[in-house]
Every structure is written in structure tokens, then in C-alpha cells.
Trainee: 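Input: one structure, supplied below.
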Number of protein chains: 2
Amino acid sequence: MELDRTDFRILSLLQDNGKCSYSEIARNIHVSEGTVRGRIKKMLSHDVFEFIIHTNPNKIGYHVQAIIGLEAKVGYHDEIASQLQPYRAVRFIGAFSGKHDLIIQAYFRNNEELVTFVDQQLSEIEGIISVDVNVELKQYKDTFSYVD
Amino acid sequence: MELDRTDFRILSLLQDNGKCSYSEIARNIHVSEGTVRGRIKKMLSHDVFEFIIHTNPNKIGYHVQAIIGLEAKVGYHDEIASQLQPYRAVRFIGAFSGKHDLIIQAYFRNNEELVTFVDQQLSEIEGIISVDVNVELKQYKDTFSYVD
DNA sequence: TATGAAAGTTGCTCCTT
DNA sequence: AAGGAGCAACTTTCATA
């Protein structure tokens, strides 16, 4: 799907405020409200973006965030990923080139929950060679606005 | 701020669909539309969550995602973070305990842009001892729904 | 919690390319 | 055809009581 300048202008406004109305966007970029609606509908159907909310983990009781690098046996990536998938705590799973084969990002209520996850859940998964846990001490930036 | 069951139910519905209307939420959890609106207003004012859109980086031309671990000289964390902050490409910056002092997540249009970022931008920042670049090969999960 | 005016959304048709 | 504008019925929002 090809995105033109109008599409990008729409995305740009929405990323600043996901509650921005069609007509508000229309006024801003000087097209009709129907056009905005049509473009958004099309982009949504092509999975260009989605309307979501970003919940502050700390405010809902998840005080420990970790980025965990995993070394995996060759051929085990998909299997490990699919076993990690169901965990609510795990918000991101990716396969990478570099020091770590898989990197996951996860939220926990406290340190104990993190330890339990590593020692019990992770250790039970076959194919994991090593686990490199990094616990977040301070967050400097966490944005979702990367449309120009 | 204390969140009760109603607040969590609201968050739960919104995280599945950020465009869910007040009245639709109200019908679902059997409270009045005004109540839903009031709760949301209160939560927004307390930064419990925000309405955003999540754009699929690939669909807008960002085909290379990297997680970069940085080793930093003692006392340089804040300074390095504040220098990285302005970069559009950099969507996440955090200080961590573990192998890496700082971990960043960034999007690039192509490999060349990544190389330029590491070789030119990163190398100019004082206090960075080492850089560990991990390039994403495959994404298994990337969710923002971690409210029960 | 209820009400009603104002604003927003939706599906339709018509027009232009 | 495809996309944008305009219209009218309907729904949602939000201040006020």
C-alpha cells in the first residue's frame, strides 16, 4: 500500500493525539471530513496503524520492567517464541542478529515475580542456552511517535 | 491514585480498541456513560494511560529495527540519554542494571541509516564505552495490552 | 443520574479525475 | 473506477441541573 502526503499528515496528527476527531484532522490539513475517514479506514484495513491506549505500567502496579536477552539453540527460535507468547507479562518478543538470538521485554509487579519468571518459566523451556536479564532502573524515553 | 475494578474494566476494553466509545464501554460494564467518562478523565489527568496510535514501522518505510545496548562511563548516563533523546529514530531509552548500562530501541529506513547512526551519531557522544547492536530479524509479539 | 444542545460519525449520492 | 465533497439520519459527548 502506497501512502501519500495526506496519509502521513493524518498519522502525524493522530500520533500526537489518538482521540483527535475526523473533522478536527480535516480542518487541520484542509480536506473534507469524509476524506479523512476514508483514508483512516483504508489504512486500518491495511494494518498501517491501530488505535490503542498506552497504559503506564507503574500506575497499574507493574513496577519492574526487564529486557531479557536469550541465547537459543539453532532451530529453536520459533518454538521458544511460541511458548513465551501466551505470557501477559511479556509484551515484546523478537529474533535478532547480534549477541542475543531472542530479546524479550516484560513487565512484573515486583522483583519476586521477575525471579519466578526467570527461574521457573524460562528454565522450563527447551532450547534456551543462556539468559541475560537487564532490569530497568530509569526510563528516559518511551514514545510511539515516529512518523515525520 | 487508587484504581478499582471499574477502572480496570475500562482499561481492559480500551486496550483492545482505543476507539471504543464511552457509551459502548458503559453498556459492556453496566455503568452509566457519565461514569465511564468521569473515570477516563480522572485516569488521564493522573497519567494512568493515554490515547495513541501504534503505527506499523514497516508500513511507513522503517524496515530496520535495532535494540542497542550501551556500556557507559560512570556518571554519564543522564548526559548520554539526553543527547539521544532528540533522535526521531530512537523510540526507547532506558538505564538498566545488567550487562548494559543503557538500552535503546530504534527504527531506521534501511541498514545504511543504522550504520550511519552507530558510526557517526553514537560515536560522537562522550562517555560511551561500547556499543552492542542487535538487529531484529523477526518479530513475534509487540503488544500493549497488559492490563488484566 | 438525567437531559438536551452541540459535536461527531456514518452511509449515501453526486461530482470530478 | 477511484477518490473527494456534500448531505441527512443517527450516535456520542459533555455541561448543567
Trainee: Could you please name the option among D:dG3, C:dT9, D:dC14 that lies closest to any side-chain atom of A:Arg39?
Mentor: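 The answer is D:dG3, which lies nearest to the side chain.
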Trainee: Between the base of C:dG8 and the side chain of A:Arg37, is there a donor-acceptor distance below 3.5 Å?
Mentor: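 Answer no: no donor N or O sits under 3.5 Å from an acceptor.
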Trainee: What contact category does A:Ser32 fall into here, base, sugar-phosphate, or nothing, at under 4.0 angstrom with non-hydrogen atoms?
Mentor: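 A:Ser32: base contact, heavy atoms under 4.0 Å.
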Trainee: Counting only N and O atoms by type, is there a donor-acceptor contact under 3.5 Å from the side chain of B:Arg91 to the main-chain atoms of A:Ser145?
Mentor: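 Side chain of B:Arg91 to backbone of A:Ser145, a donor-acceptor pair under 3.5 Å: no, none is there.
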Trainee: Salt bridge check: are A:Lys59 and B:Asp47 linked by an N-O gap of less than 4.0 Å?
Mentor: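 Looking at B:Asp47 together with A:Lys59, the answer is no, because their closest N to O distance does not fall below 4.0 Å.
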Trainee: Rounded to whole Å, please give me the gap between CG in A:Leu44 and P in C:dT10.
Mentor: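 About 11 Å, once rounded to whole Å.
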Trainee: Rounded to whole Å, please give me the gap between CD in A:Glu24 and C1' in C:dA6.
Mentor: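 Value for this atom pair: 15 Å.
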Trainee: Whole-Å distance between D:dA9 P and A:Glu33 CD?
Mentor: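 Result: 17 Å.
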Trainee: Please confirm whether the shortest side-chain N or O distance from A:Lys42 to OP1 or OP2 of D:dA2 is below 4.0 Å.
Mentor: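 Answer no for this pair, as no side-chain N or O of A:Lys42 is under 4.0 Å from OP1 or OP2.
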Trainee: Quickly work out the B:Ile25 CD1 to D:dC14 P distance and round it to whole Å.
Mentor: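 So the CD1-P distance, B:Ile25 to D:dC14, works out to 12 Å.
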Trainee: Looking at B:Ser12 and B:Phe8, would you say the former's side chain and the latter's main chain have a donor-acceptor pair under 3.5 Å?
Mentor: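 No; zero donor-acceptor contacts below 3.5 Å.
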Trainee: On the nucleotide D:dG3, are OP1 or OP2 found under 4.0 Å from the side-chain N or O atoms that A:Thr35 carries?
Mentor: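 No, because none of the side-chain N or O atoms of A:Thr35 sits under 4.0 Å from OP1 or OP2 of D:dG3.
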Trainee: Any side-chain N or O of A:Tyr22 less than 4.0 Å from the OP1 or OP2 oxygen of C:dT10?
Mentor: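 It does, given that an N or O in the side chain of A:Tyr22 lies less than 4.0 Å from OP1 or OP2 of C:dT10.
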Trainee: Closest approach to the side chain of A:Ser21, judged atom by atom: which nucleotide of D:dA5, C:dT9, D:dT12 is it?
Mentor: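 From the listed options, C:dT9 comes nearest.
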Trainee: Can you tell me the distance, in whole Å, between the CD1 atom of A:Ile29 and the P atom of D:dG4?
Mentor: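 That distance rounds to 10 Å.
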Trainee: Output yes when a side-chain donor or acceptor of B:Thr35 lies under 3.5 Å from a complementary backbone atom of B:Val31, and no otherwise.
Mentor: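 No; zero donor-acceptor contacts below 3.5 Å.
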Trainee: Write down the distance between CD1 (A:Ile40) and C1' (C:dT10), rounded to a whole number of angstrom.
Mentor: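 Computing the A:Ile40:CD1 to C:dT10:C1' distance gives 13 Å.
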